[in-house]
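As the structure is a prediction and not an experimental result, all values here were calculated from the model.
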Amino acid sequence: MQQQKTEYAAVPHEPDSSTGSMNDYKRALISVVIPTLNAGDGIVHLLDALQAQRRKPDEILVVDSSSDDGTGEKVTQYRGIELLTIPREEFNHGATRDKALRHTHGDFVLFLTQDALPEDDQYIDSMVQAFADPAVAMVSGRQIARDDARPFERLVREYNYPAKSYTRSREDIPRMGIKAYFASDVCSAYRRSAYLQVGGFERVSTNEDMFIAAAFLHNDWKIAYCAEARVKHSHNFTLRQQYRRNFASAVEMELHKDSLRSANTTAEGARLMRSVVSQLWDSRQYGESMAFVVDCCARILGNKMGTAKGRRLADEA
């Protein structure tokens, strides 16, 4: 680790609480929030990458869930980067990010997970440029699979995060369905005024990004996908991990289905499966194709069981 670290001065700033446009987005204040848990050396690589950005953030906040691997100690070696430690059991994807955003000062607040590494020094600049459209409330970046990603995981990333940028609005919901709400806080950015206007994140265990994306669209904001803002990020989940991930997601989507206007996820899941299987089959990766089908079975089972539990919890409420 380098001995000399960039110092980020505290920025006294009254956030823009209006719902109007921010005309000079280039001079807006930028905050970065990183939730962590036992991030190890990954947090060093990420903080170094942020310090090397062409457009540096005005503040960086690391929210650590009481790591026991020295993550907090690594963060404190960076002068001016704020560390907020919370009890591990209090972490909640929605509530913790809400607390972090309200703790910062930026007109635009960028979220990154500890395992998402910007590919170049223009990541922040690319994300913020999407806010040149004053109607854009949220921006998601492009996730590029890591070098160790298995073939079907790489194709899933390419399907979900294409090479072409686009923006969607309320008018696109009938055409896109659930895909209109697709967003990821792995690498995202929010216009503070829009975030405050719609009330902030749901207190949910997962999918907070999708729920607030829906809130933005239904309040006549736009959501941008910026393919030029790239991070390295992927997972090689086991079948059990895939099941649990989809189970948790389905529970929350069922409990908050009114927020998504009861949008159906089945059709989009089927399109993803057909696309990936077709490409694997065409490239004669038959074993990988079968592995992906089994992986999809774990996803489908997790979704079904999670939806059933969500309904039971809704009935009991």
Side-chain angles (χ1 to χ4, degrees), residues 34-43 45-46 65 67 69 71 88 91-94 96-97 111-117 119 140-162 178-179 181-188 204-211 230-254 265-266 268-281 283 285-310:
I34 309 167
T36 58
L37 172 62
N38 293 336
D41 288 338
I43 191 61
H45 300 317
L46 178 52
S65 297
S67 294
D69 72 338
T71 294
R88 189 173 301 188
F91 176 80
N92 173 286
H93 280 288
T96 300
R97 284 183 169 86
F111 286 95
L112 283 163
T113 55
Q114 65 188 34
D115 56 349
L117 189 66
E119 275 213 313
S140 283
R142 184 182 182 191
Q143 297 182 35
I144 307 294
R146 295 181 181 275
D147 295 339
D148 64 351
R150 62 182 305 167
F152 76 67
E153 171 66 8
R154 191 174 302 279
L155 291 173
V156 168
R157 296 285 157 179
E158 291 175 1
Y159 179 91
N160 284 328
Y161 306 99
I178 194 70
K179 194 71 173 179
Y181 307 139
F182 183 75
S184 175
D185 278 336
V186 164
C187 52
S188 62
V204 294
S205 62
T206 189
N207 284 52
E208 81 291 338
D209 36 27
M210 178 176 285
F211 293 129
R230 303 183 302 274
V231 298
K232 282 277 191 178
H233 180 263
S234 59
H235 295 287
N236 292 320
F237 286 130
T238 65
L239 293 178
R240 176 171 293 190
Q241 288 172 325
Q242 196 66 271
Y243 171 87
R244 289 177 174 175
R245 178 183 177 88
N246 283 267
F247 178 90
S249 176
V251 170
E252 296 298 343
M253 290 181 69
E254 181 64 24
T265 62
T266 305
E268 181 58 31
R271 281 192 289 269
L272 167 63
M273 183 174 179
R274 285 196 300 269
S275 174
V276 173
V277 169
S278 175
Q279 292 180 76
L280 291 172
W281 202 258
S283 60
Q285 298 183 71
Y286 306 124
E288 191 69 9
S289 178
M290 293 300 102
F292 180 62
V293 170
V294 175
D295 181 85
C296 287
C297 290
R299 298 176 191 230
I300 293 169
L301 182 60
N303 282 333
K304 288 186 175 180
M305 298 301 291
T307 298
K309 181 174 181 179

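With sequence neighbours left out, the side-chain hydrogen bond (donor to acceptor under 3.5 Å, both in side chains) criterion links Ser289 to no other residue. With sequence neighbours excluded, no residue satisfies side-chain hydrogen bond (donor to acceptor under 3.5 Å, both in side chains) with Ser278. With sequence neighbours left out, Asp148 forms a salt bridge (charged side-chain N to carboxylate O under 4.0 Å, His left out) with no residue at all. Scored by the side-chain hydrogen bond (donor to acceptor under 3.5 Å, both in side chains) test, His45 finds no partners at all (sequence neighbours excluded). Remark: Arg245 engages no residue in a salt bridge (charged side-chain N to carboxylate O under 4.0 Å, His left out) (not counting sequence neighbours).
A side-chain donor-acceptor contact under 3.5 Å links Asp69 to the backbone of Gly40. Of the possible donor and acceptor atoms, none in the side chain of Glu288 sits under 3.5 Å from a partner among the backbone N and O of Leu280. The main-chain N or O of Arg88 is never found under 3.5 Å from a side-chain atom of Ser65 such that the two would form a donor-acceptor pair. Here the side chain of Ser140 pairs no donor or acceptor atom with the backbone of Ala183 at under 3.5 angstrom. Asn246 places a side-chain N or O within donor-acceptor distance of the main-chain N or O of Gln242, the cut-off being under 3.5 Å. A donor-acceptor contact shorter than 3.5 Å links the side chain of Thr238 to the backbone of Gln241.
The line from CD1 of Ile34 to OG1 of Thr71 is 11.5 Å long, rounded to the nearest 0.5 Å. To the nearest 0.5 angstrom, Leu37 atom CG is 5.0 Å from Ser67 atom OG. Of the inter-residue distances, the one linking Ile300 atom CD1 with Asp295 atom CG reads 10.0 Å to the nearest 0.5 angstrom. To the nearest 0.5 Å, atoms SG (Cys296) and CG (Leu272) are separated by 6.5 Å. For the atom pair OH of Tyr181 and CG of Asp209, the computed distance is 14.5 Å after rounding to the nearest 0.5 Å. The OG atom of Ser188 sits 7.5 Å away from atom CG of Leu112, with the distance rounded to the nearest 0.5 Å.
Note on Asp115 versus Arg146: no salt bridge recorded, every NZ/NE/NH1/NH2 to OD/OE distance being 4.0 Å or above. For Glu158 and Arg154, the salt-bridge test fails: no basic side-chain N is under 4.0 Å from an acidic carboxylate O.
Closest non-hydrogen pair, Thr113 versus Leu46, comes out as O-CD2, 3.6 Å. Among all heavy-atom pairs drawn from Ser205 and Glu252, the shortest one is OG-OE2, 2.8 Å. Annotation for Met253 and Ile178: closest pair CE-CD1, 4.1 Å, computed over non-hydrogen atoms. Nearest heavy-atom pair, Met273 versus Phe292, reported as atom, atom and distance to 0.1 Å: CA-CE2, 3.8 Å. Between Phe91 and Pro35 the shortest heavy-atom distance is CE1-CB, 4.2 Å.
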| request: Decide side chain to side chain contact (heavy atoms under 4.5 Å, CB included) for His233 and Leu117; before the verdict, give the C-alpha distance in whole Å, the side-chain angles of both, and the deciding distance to 0.1 Å. | output: CA-CA 7 Å; His233 180 263; Leu117 189 66; over 6 Å; no

| request: Please test Glu119 against Ile144 for side chain to side chain contact (heavy atoms under 4.5 Å, CB included), starting from the C-alpha separation and ending with a verdict. | output: CA-CA 9 Å; Glu119 275 213 313; Ile144 307 294; 4.0 Å; yes

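In the model, Gln279 has a side-chain atom that pairs as donor or acceptor with a side-chain atom of Ser275 under 3.5 Å. With no hydrogens or angles considered, no side-chain donor-acceptor pair links Gln143 and Ser234 at under 3.5 Å.
Taking the six-membered ring where tryptophan is involved, the planes of Phe237 and His235 are essentially parallel, since the angle between them stays under 30° and well short of 60°.
Residues Asp185 and Glu208 meet the side-chain proximity criterion, which asks for heavy atoms closer than 4.5 Å. The shortest side-chain heavy-atom distance between Arg142 and Val231 does not fall under the 4.5 Å cut-off.
The local environment of CE in Met305 is sparse, with at most 12 non-hydrogen atoms from other residues, nucleotides or ligands closer than 6.0 Å. The environment of Lys232 atom NZ is dense: over 12 non-hydrogen atoms of other residues, nucleotides or ligands sit within 6.0 angstrom.
Aromatic pair Tyr161/Phe182: centroids less than 6.0 angstrom apart.
Contacts classified as salt bridge (charged side-chain N to carboxylate O under 4.0 Å, His left out) and involving residues 268-279 (residues at least two apart or in different chains) are given here: Lys179-Glu268, Glu268-Arg271.
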